[in-house]
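In what follows, a structure is listed as structure tokens, so that the remarks can point back to it.
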Amino acid sequence: MSQPRQSRALVIVNTDFRSSEGDVAFGTRRGAKREAEKLSQILSQLNYKVKLMHNKTAKEIENLYQQERCCEHGEYFVSIISSHGEEGVILGCDSETVKLSRIFQILSTEKCPVLTKIPKIFFIQACRGAELDRGVFVERDSAEPKPECFPDCLSIPPQTVVMFACRPGYVAFLNVFGSMFLQALLKFLKGEERHLALNRLMTRTNWEVAFRCQARGAYEGCKEMPRFVSNLLQEVFPFSA
């Protein structure tokens, strides 16, 4: 009897950036590489076939997703991207942007029939702007907050879930020990929470980051609030190996 196909995971981490002239751009994203390696290890233990890629240009990132269209896939496709970013885009190590909508389009039903019925799950560790989240009081006696406007990049294809490290317009924090967002995800993938349905796992991750994490140093007290959007039509348990 043939063995079932392994689910695939693509992990992309950019830590060092250069401008088009070849000069060093931004600072080294210390802690991101080790964090990505740990996530890759735990995904391998959860029976994923993992491809871990370091410091890829914008074009190379697109090509990596193009390659997934030619692969044999199992029940799920998971991708983790850790890089600098802005709203709707992430940066390659050449400081060029890649639109997230472009990545989603590459793996859409029209472009990638092999992934039509397979849930595609993205975790995006990148800034979505320059605003600092100072946090809010849970109890308040004032006007209702303004509703958020959802950007175009959240118009994702069917059978796709995207979880962002932070709200639109805000920064995502990273230090030498890793990021608030992916460290919380790593904790739950190692624990019993991995057996939860994906929407519950993501909600737990929201709570963990919102209530148990805050920045130190120059950004002392700043917070972070992950966001996720889903076009799944059923509950899935992608990490309950």
Side-chain angles (χ1 to χ4, degrees), residues 4-13 35-36 38-52 65 68 71-82 90 100-101 103-109 112 114-126 128 148 150-151 153-168 172 178-213 224-241:
R5 296 172 180 172
Q6 273 186 295
S7 294
R8 292 180 60 83
L10 174 59
V11 182
I12 301 172
V13 54
E35 181 175 72
K38 289 181 178 179
L39 284 162
S40 298
Q41 289 169 4
I42 192 65
L43 286 170
S44 294
Q45 293 170 16
L46 296 175
N47 202 34
Y48 279 81
K49 186 175 183 178
V50 183
K51 181 187 287 187
L52 173 60
Y65 288 100
E68 290 299 322
C71 296
E72 292 188 343
H73 288 268
E75 289 187 82
Y76 305 100
F77 172 73
V78 171
S79 188
I80 300 172
I81 304 174
S82 178
I90 54 101
L100 292 173
S101 58
I103 293 174
F104 304 150
Q105 181 188 40
I106 290 171
L107 301 180
S108 66
T109 300
C112 186
V114 71
L115 283 171
T116 297
K117 296 182 180 180
I118 295 175
K120 295 164 281 292
I121 305 160
F122 293 85
F123 299 97
I124 312 294
Q125 168 58 38
R128 303 178 70 186
E148 279 188 7
F150 288 90
C153 73
L154 294 187
S155 298
I156 60 175
Q159 288 294 88
T160 302
V161 181
V162 185
M163 189 170 195
F164 296 91
C166 57
R167 296 187 289 162
S179 64
M180 294 181 184
F181 172 52
L182 293 183
Q183 286 297 307
L185 177 64
L186 181 63
K187 172 184 174 180
F188 290 147
L189 292 184
K190 288 180 175 179
E192 292 302 309
E193 292 87 356
R194 70 183 184 276
H195 299 299
L196 295 172
L198 182 62
N199 64 314
R200 293 188 65 194
L201 175 66
M202 289 181 163
T203 302
R204 292 278 185 96
T205 304
N206 278 355
W207 188 93
E208 179 78 10
V209 176
F211 288 100
R212 291 192 172 176
C213 300
E224 188 174 293
M225 185 66 230
R227 287 287 189 274
F228 68 87
V229 60
S230 171
N231 267 353
L232 292 182
L233 301 177
Q234 71 282 335
E235 284 192 329
V236 297
F237 300 81
F239 305 115
S240 185

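Quick caveat, the model's predicted, so the values are computed rather than measured.
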Side chain to side chain contact (heavy atoms under 4.5 Å, CB included) with Gln159: which residues, sequence neighbours excluded? Pro119, Lys120, Leu232, Leu233, Gln234

How about Phe104 and Phe122: are their ring centroids closer than 6.0 Å? yes

Spacing of OG1 belonging to Thr203 relative to CZ belonging to Phe228, to within rounding of 0.5 Å: 4.0 Å

Separation of His73 NE2 from Thr116 OG1 (nearest 0.5 Å): 11.0 Å

Shortest non-hydrogen contact from Cys71 to Val114? O-CG2, 4.2 Å

Return the CG to OH distance between Leu115 and Tyr76, rounded to the nearest 0.5 Å. 14.0 Å

Side chains of Met202 and Val161, heavy atoms from C-beta outward: is any pair under 4.5 Å? yes

So does Asn231 get a backbone contact from the side chain of Thr160, meaning a donor-acceptor N/O pair under 3.5 Å? no

Rounded to the nearest 0.5 Å, how far does OG of Ser240 lie from CG of Leu198? 12.0 Å

Are any of the side-chain heavy atoms of Asn47 and Gln6 separated by less than 4.5 Å? yes

Do you know which two heavy atoms are closest between Tyr48 and Arg8, and how far apart they sit? CD2-O, 3.6 Å

Partner residues of Ser44 under the side chain to side chain contact (heavy atoms under 4.5 Å, CB included) criterion, sequence neighbours left out: Val50

Working to the nearest 0.5 angstrom, can you tell me the gap between Leu107 CG and Ser79 OG? 8.0 Å

Measuring from Ile118:CD1 to Ser7:OG, what's the distance to the nearest 0.5 Å? 7.5 Å

Let me see the working for Leu196 and Phe239 under side-chain contact (heavy atoms from CB on, under 4.5 Å), right down to the final yes or no. CA-CA 8 Å; Leu196 295 172; Phe239 305 115; over 6 Å; no

Looking only at heavy atoms, what is the nearest atom pair of Gln125 and Ala172, with distance? NE2-CB, 3.6 Å

Are any non-hydrogen side-chain atoms of Ser230 and Asn199 less than 4.5 angstrom apart? no

Hey, can you pull the donor-acceptor pairs under 3.5 Å for the side chains in residues 182-191, sequence neighbours left out?
unit_1: Gln183; atom_1: NE2; unit_2: Glu35; atom_2: OE2; d: 3.0
unit_1: Gln183; atom_1: NE2; unit_2: Phe177; atom_2: O; d: 3.4
unit_1: Lys187; atom_1: NZ; unit_2: Glu208; atom_2: OE2; d: 3.0

Do the side chain of Arg227 and the main chain of Pro168 share a donor and acceptor less than 3.5 angstrom apart? no

Check against side-chain contact (heavy atoms from CB on, under 4.5 Å), Phe77 and Leu10: CA-CA 8 Å; Phe77 172 73; Leu10 174 59; 4.1 Å; yes

With side chains defined as the heavy atoms from C-beta onward, is the minimum distance between Val78 and Phe123 less than 4.5 Å? yes

Are side-chain heavy atoms of Ile12 and Tyr65 found at a separation under 4.5 Å? yes

Close side-chain approach of Val11 to Leu39, heavy-atom, < 4.5 Å: no

Taking NZ in Lys49 as the centre, count heavy atoms belonging to other residues, nucleotides or ligands within less than 6.0 Å. Is the count above 12? no

If you define the side chain from C-beta out and look only at heavy atoms, does anything of Phe237 sit under 4.5 Å from Leu201? no

